[in-house]
Amino acid sequence: MGFLVFGAAGCTRSEAAASNDSSLTKVQSAKKLRYGVIVGEEPGFIRGADGEWHGYLADTAQEIAKELGLEPVAVETTWGNMALDLKTDKIDLAIGAQPTGKRSLVVDYTTHPIYTNYFSLIVTSSTRDMSRWSQLNSKDVKIGAQTGDSTLQPIQRFAPTAQTVMFDSRDKGLLALQAGRTDAQANTLLNSLMAAKSRKDLRARVVVPEPLVAAPSAVMVARNADQSLLHAVDAVVWNLNASGFVRASIVKYLAEYGITEADLPQNAVL
């Protein structure tokens, strides 16, 4: 009569070996690194006519994969679904999200940011002064934002009585702003510049209210007791940031849309 051999935890040897595989070993075995991409989020994610993904966030994710000796594989997601897609093993990393306490309950972030962005507003009216966050603190003010992103953080902190209107895409929020259904659209600076510059019909301008609130963009990976993948990705991110790779990529793709460093608000340095 044959017997199965169990380890101390009550599992077979093969199960024990599988459970001991590190998070880094898992992606190395697959030889692929699946990263999240988001439709309509240019210039961070740009899908070319050939179906290939480019943009400063996509390029950075691809460079991370290259440095780890893996094939980058793009998987469509949304800002709202990124954490869930990591948790359910649909993607291996999500790039470009701002760290929040809520997300950190289910995912892990790199210690080093990819780059530092800033929270900002896209506005079309010149009649209301929005140079300070506190000036939005009125129930008569309506601020649009995209579901699942973190751009409402300064609104919730400095202007809690303002009304917030959520949209499931950036374009829907901009249409509401153009129609006068909101007074401003909350977004990070690079996305705000992109919207204001590329949508001439908006006749919009970008405001970075005071006090300046930084929005560091990091890489998320699935929560795992073994953090070997997180540490490896963090080391690559640190190098890409310090070497100027990410900044050069940002400037390159902004330029494709006619945005130069001269377009940056004076109180926000990239």
Side-chain angles (χ1 to χ4, degrees), residues 18 20-99 103-104 106-117 148-149 188 190-191 216-254 256:
N20 288 332
D21 283 349
S22 72
S23 53
L24 181 58
T25 300
K26 178 183 173 183
V27 295
Q28 288 175 327
S29 297
K31 299 181 181 180
K32 299 179 186 296
L33 188 70
R34 301 165 300 169
Y35 67 97
V37 293
I38 303 176
V39 175
E41 288 294 324
E42 302 85 357
F45 300 106
I46 304 169
R47 180 158 53 188
D50 58 358
E52 296 297 315
W53 286 88
H54 308 284
Y56 63 86
L57 291 176
D59 282 9
T60 301
Q62 292 163 15
E63 192 67 16
I64 292 171
K66 176 183 175 182
E67 289 293 319
L68 296 179
L70 303 169
E71 176 190 350
V73 177
V75 179
E76 288 188 24
T77 184
T78 66
W79 295 121
N81 287 341
M82 274 185 168
L84 179 61
D85 286 349
L86 285 167
K87 188 175 181 180
T88 56
D89 197 32
K90 291 181 180 179
I91 56 177
D92 300 306
L93 65 80
I95 189 166
Q98 283 74 48
R103 286 178 183 152
S104 68
V106 293
V107 299
D108 287 324
Y109 288 94
T110 53
T111 302
H112 298 90
I114 310 166
Y115 66 96
T116 298
N117 211 335
D149 70 15
T188 49
L190 298 183
N191 285 339
S217 292
V219 176
M220 295 191 299
V221 301
R223 173 67 46 78
N224 196 309
D226 168 79
Q227 296 188 322
S228 55
L229 176 61
L230 175 66
H231 293 325
V233 171
D234 191 41
V236 177
V237 167
W238 188 4
N239 180 266
L240 294 179
N241 190 332
S243 68
F245 174 92
V246 179
R247 190 180 191 283
S249 185
I250 291 172
V251 171
K252 169 189 171 183
Y253 284 106
L254 287 179
E256 290 187 6

Considering non-hydrogen atoms only, spot the tightest contact between [X] and [Y] and give its length.
X	Y	result
A97	Y109	O-CE2, 4.4 Å
I95	A61	CD1-N, 3.6 Å
V37	A74	CG1-CB, 3.9 Å
V39	R47	CG2-NH2, 3.8 Å

Does [Y] offer a backbone N or O that forms a donor-acceptor pair with the side chain of [X] under 3.5 Å?
X	Y	value
Q62	W53	yes
D234	T111	yes
T110	V219	yes
R223	S104	yes
N241	I114	yes
S249	F245	no
R247	Y115	no

From [atom1] ([X]) to [atom2] ([Y]), nearest 0.5 Å:
X	Y	atom1	atom2	value
D85	L93	CG	CG	12.0 Å
T60	L240	OG1	CG	6.5 Å
T77	L84	OG1	CG	8.5 Å
K32	L68	NZ	CG	15.0 Å
N117	T188	CG	OG1	4.5 Å
I46	H54	CD1	NE2	8.5 Å

Only one of D92, D226, D108, N224 forms a side-chain hydrogen bond (donor to acceptor under 3.5 Å, both in side chains) with S23, so which one is it? D226
Under the criterion side-chain contact (heavy atoms from CB on, under 4.5 Å), I'd like the reasoning laid out for V237 against E67: C-alpha separation, chi angles, the key distance, then a yes or no. CA-CA 10 Å; V237 167; E67 289 293 319; over 6 Å; no
I38 and M82: side-chain contact (heavy atoms from CB on, under 4.5 Å), yes or no, with the steps? CA-CA 10 Å; I38 303 176; M82 274 185 168; 3.7 Å; yes
Any ion pair linking K66 and D59 (charged N to carboxylate O, less than 4.0 Å)?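 K66 and D59: not salt-bridged.
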Got E41 and N191 here, is their nearest side-chain heavy-atom distance under 4.5 Å?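 Side chain of E41 against side chain of N191, heavy atoms only: contact under 4.5 Å found.
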If you measure only the distance, is there a donor-acceptor pair under 3.5 Å linking the side chains of E42 and Y253?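 The answer is no; no qualifying pair exists.
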Determine, stepwise, if the pair L86 / R103 fulfils side-chain contact (heavy atoms from CB on, under 4.5 Å). CA-CA 11 Å; L86 285 167; R103 286 178 183 152; over 6 Å; no
Going by the angle between their ring planes, with limits at 30° and 60°, are W79 and F45 parallel, tilted or perpendicular? tilted
